[in-house]
Number of protein chains: 2
Amino acid sequence: MPMPKLKTAIVDDHPIVIEGLKSLLSNETNLKIVGGFYSGEALLSYLDSHALDLILLDITLPDMNGIELCQKIKAVSLTTCILILSNHTERSIIMQAIQNGASGYLLKNSSIEELRHCIIEAVNGQICYSREVMEIISRPSKNELLGSPRLTRREKEILALIAAGKTSQVIGQELFLSPLTVDTHRKNLIQKFGVKNVAELIMVAVQQQIL
Amino acid sequence: MPMPKLKTAIVDDHPIVIEGLKSLLSNETNLKIVGGFYSGEALLSYLDSHALDLILLDITLPDMNGIELCQKIKAVSLTTCILILSNHTERSIIMQAIQNGASGYLLKNSSIEELRHCIIEAVNGQICYSREVMEIISRPSKNELLGSPRLTRREKEILALIAAGKTSQVIGQELFLSPLTVDTHRKNLIQKFGVKNVAELIMVAVQQQIL
DNA sequence: TTTTATCTACCCATTATTAGGTATTTTTTG
DNA sequence: CAAAAAATACCTAATAATGGGTAGATAAAA
């Protein structure tokens with residue numbers, strides 16, 4: 001009995017990429033490209049009236065990001081397989097994508113073979129990464145290495161106000177706190193980051209992308 | 001007399017993009033794609049033995065960036081037309097590309113029509129941007145608007161030391177200056193940036209890419 | 001429910017920064 | 001060379017930040 005072809009869609013804001021994928025996958029015997037979409041909304045409205053087996057998804061889209069779109073697709077059609085095809089190499093984005101229902105993650109400079117391989121794995125229920133993505137995942141993130149201190153809600157709030165040039169007095173007034181309390185938080189921030197003063201604090205916080 | 005087809009090459013580290021462009025441009029009557037390359041070196045060694053009329057070039061390449069490659073191409077073959085096809089929207093990168101010999105700049109999410117149009121303009125000796133790129137160029141850069149203050153050598157030096165968490169005393173010792181002098185520079189920095197204290201100073205300096 | 005973490009607030013003492021100046025000596029540049 | 005810009009250094013006085021604590025209240029997790 002002949003296997004029915006997987007109904008596949010591509011979502012990417014780059015026409016060139018859509019055309020490229022269509023062309024690359026046109027010879028595949030196990031799938032059929034039924035649509036290319038430039039935005040998340042376009043895909044979602046298509047999904048309202050059509051079933052899809054596989055979606056190749058970019059992270060950067062004009063109307064929403066791919067992570068959100070992942071959630072929405074899965075809410076509508078849980079059995080649809082999603083493969084992310086993106087240029088983003090940040091560990092956190094990869095992790096978020098998987099946690100939101102993606103079955104795999106490839107970089108756009110992946111080879112055709114990798115793409116083919118990941119599609120097969122994904123529709124078989126496996127989660128599959130391209131080689132480069134695998135490397136990114138397996139090495140601990142900078143934050144884990146450097147041990148970025150975890151900040152409490154209050155600390156983050158006060159850190160932002162310090163970075164805005166406000167003194168403990170002013171911050172206290174804005175947050176309805178004693179300036180002495182603000183001083184304590186400030187002190188804890190400096191200690192947690194292991195820095196000497198606010199100047200260094202701001203610098204390090206920016207470098208660690210907390211600010 | 002039939003116009004000879006333009007010998008065209010594509011340089012991009014994404015196989016998908018190369019295939020996409022090949023497919024998109026396969027129906028064009030005025031050009032012929034003679035090669036797709038994943039790296040700058042690959043293109044350059046091809047150029048040693050073959051002439052090219054047009055090159056579609058990505059900025060991000062594994063071995064060198066597109067700006068450098070532009071220079072090198074022009075050094076070898078001045079008559080070859082170069083069109084940049086990139087995702088980078090930074091004004092400075094666009095400007096650099098043009099200054100290094102590119103005849104145009106398109107974003108990868110450009111439409112096929114824009115691409116076609118820019119190719120025609122470029123081979124006719126015009127410089128041509130896609131609509132979005134045009135907008136980026138015509139709006140003044142953030143720095144121009146905010147008027148980043150120009151800092152003197154000493155001020156930059158001291159700013160960096162402040163950002164490292166050093167006090168005026170310590171900085172004075174390191175630079176063989178009176179701490180009072182350092183205080184003066186610190187004062188001037190705060191004034192030039194129009195901020196309230198060092199915390200805000202560091203924040204703004206980072207945002208304006210001075211740190 | 002008990003422990004743990006967070007948020008709150010204060011004490012004391014020292015050091016650093018900020019704001020307002022002025023002023024001389026070097027460099028740079030037109 | 002003359003003028004402008006930069007670098008140097010000081011004065012005074014007020015305000016802010018830092019380092020060392022302690023400790024009660026509240027909220028969240030085990």
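Residue numbers begin at 1 in each chain, while the letters A, B, ... track the order of the sequences.
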A:I162 atom CD1 is separated from D:dT18 atom C1', nearest whole Å, by 12 Å

When rounded to whole Å, the CG to C1' distance for the pair B:L177 and D:dA9 reads 10 Å

- Message: Whether B:R153 contacts D:dA6 is assessed here as follows: a side-chain N or O lying under 4.0 Å from the phosphate OP1 or OP2. Is that the case?
- Response: no

All heavy atoms of B:S103 vs all of B:A122, minimum pair found to be CB-CB, 4.0 Å

Rounded to whole Å, the CG-P distance (A:N188 to C:dC10) equals 16 Å

Separation of D:dA6 atom P from B:K156 atom NZ, nearest Å, is 11 Å

Between NZ of A:K192 and C1' of C:dT6 the distance, given in whole Å, is 9 Å

In terms of heavy-atom contacts, B:K74 and B:T80 come closest through NZ-O, 2.9 Å

Rounded to whole Å, the CZ-C1' distance (A:R186 to D:dA16) equals 8 Å

Exercise for review: State whether B:S178 places a side-chain N or O below 4.0 Å from either non-bridging phosphate oxygen (OP1 or OP2) of D:dC10.
Suggested key: yes

Ignoring backbone atoms, test whether B:Q169 places a side-chain nitrogen or oxygen under 4.0 Å from the OP1 or OP2 oxygen of C:dA16. yes

(message) Is it true that B:N87 and A:H14 share a donor-acceptor pair across their side chains at a distance under 3.5 Å?
(response) yes

Picking from D:dA7, D:dC10, C:dT8, the nucleotide nearest the side-chain atoms of B:H185 would be D:dA7

Rounded to whole Å, the CD1-C1' distance (B:I190 to D:dA16) equals 12 Å

Looking only at D:dA17, D:dT18, D:dA6, the nucleotide nearest the B:T152 side chain is D:dA6

Walking DNA chain C from its 5' end, the first of B:N197 and B:T184 to be reached, judged by nearest nucleotide, is B:N197

When rounded to whole Å, the CD1 to C1' distance for the pair A:I171 and C:dC7 reads 16 Å

Side-chain atoms of B:D183 come closest, of C:dC10, C:dT18, D:dA9, to C:dT18

_Whether B:S168 contacts C:dT17 is assessed here as follows: a side-chain N or O lying under 4.0 Å from the phosphate OP1 or OP2. Is that the case?_
yes

Nearest-nucleotide check on DNA chain D, B:L180 vs A:Q191; residue mapping nearer the 5' end is B:L180

Heavy atoms of A:L69 and A:G40 approach each other most closely as CD2-CA, 3.7 Å

With the side chain defined as heavy atoms from C-beta on, A:K187 is closest, among C:dT17, D:dG20, D:dA16, to D:dG20

Closest heavy-atom pair, A:E200 versus A:K196, reported as atoms and distance to 0.1 Å, is OE1-N, 3.0 Å

Side-chain atoms of A:T181 come closest, of D:dT18, D:dC10, C:dA9, to C:dA9

